[in-house]
Each structure stands twice: as structure tokens, then as C-alpha cells.
Amino acid sequence: MTSPIQAATIAAISSDRCCWKEATFNDGLQHSRRFVRAYRKVQKAKATTLKDLQCKARLILLTSDEPDSMEASLARDVLTYTGAYA
């Protein structure tokens, strides 16, 4: 079962890819708006599972300006975490 965070993350990543494939800015504008709506939906929702947290981390890495920032580093750590119990 897909959570709302996972569905919005899939929509955001899909619209980001579609936006870059368009030939002109105006053609990609609808995809860009779709990305912003999906990103805001993910941003407002609370992550209750590890998978939701990893979806949020994917979007952080997608939109991060600096790959060496604290947020990007934390997002990479979250993505590598598998939820194993010690």
C-alpha cells in the first residue's frame, strides 16, 4: 500500500523529469507547478514510517543546492539506513 507521502514523492519526481524533457519553458510550466504542489504536500505531511522518511530524503537530495550541506548529508544517511535491529 502506498502512503500519501510516497504517492506525492512519485508525482514530484515524475513531474521533474517531464519538465526537463519539454522543449520550451512554457511547455514545462505545468510540470513545474505539479512538482511544487507535490513537494509542498510531502513537506507538510509527517513521516510515520522509515519508507516515508526515505521519500522525504529523496526530495531533499533532488532539490538540494549544495551536495555537501548538512541537510544533504542527513538525507543520504536516512537513505542508507535499512531499519535493521541490533
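The residues of the chain are indexed from 1 along the displayed sequence.
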(request) For residues A57 and L79, report the shortest heavy-atom separation together with the two atoms involved. (result) CB-CG, 3.9 Å
(request) Return the set of residues passing side chain to side chain contact (heavy atoms under 4.5 Å, CB included) with A47 (not counting sequence neighbours), or none when no residue passes. (result) I5, D52, L53, K56
(request) With sequence neighbours excluded, give me every side-chain hydrogen bond (donor to acceptor under 3.5 Å, both in side chains) pair touching residues 63-78. (result) none
(message) Using 0.5 Å steps for rounding, measure from the CZ atom of R34 to the CD atom of Q30.
(response) 9.0 Å
(message) When you measure from the side chain of S15 to the backbone of A11, do you find a donor-acceptor pair of N or O atoms at a distance under 3.5 Å?
(response) yes
(message) What's the separation between atom CD1 in I13 and atom CG in L62, rounded to the nearest 0.5 Å?
(response) 6.5 Å
(message) Quick check against the 3.5 Å criterion: does E22 have a side-chain atom that pairs as donor or acceptor with the backbone of L29?
(response) no
(message) For a quick test of reading the model, state the closest non-hydrogen atom pair linking Y39 to A12 and the distance between them.
(response) N-CB, 4.5 Å
(request) Quick one: pull up OG1 in T9 and NZ in K41 and give me the separation to the nearest 0.5 Å. (result) 10.5 Å
(request) State the SG-CG distance between C55 and L50, to the nearest 0.5 angstrom. (result) 9.5 Å
(request) Please round to the nearest 0.5 Å and tell me the distance separating atom SG of C18 and atom NE2 of H31. (result) 5.0 Å
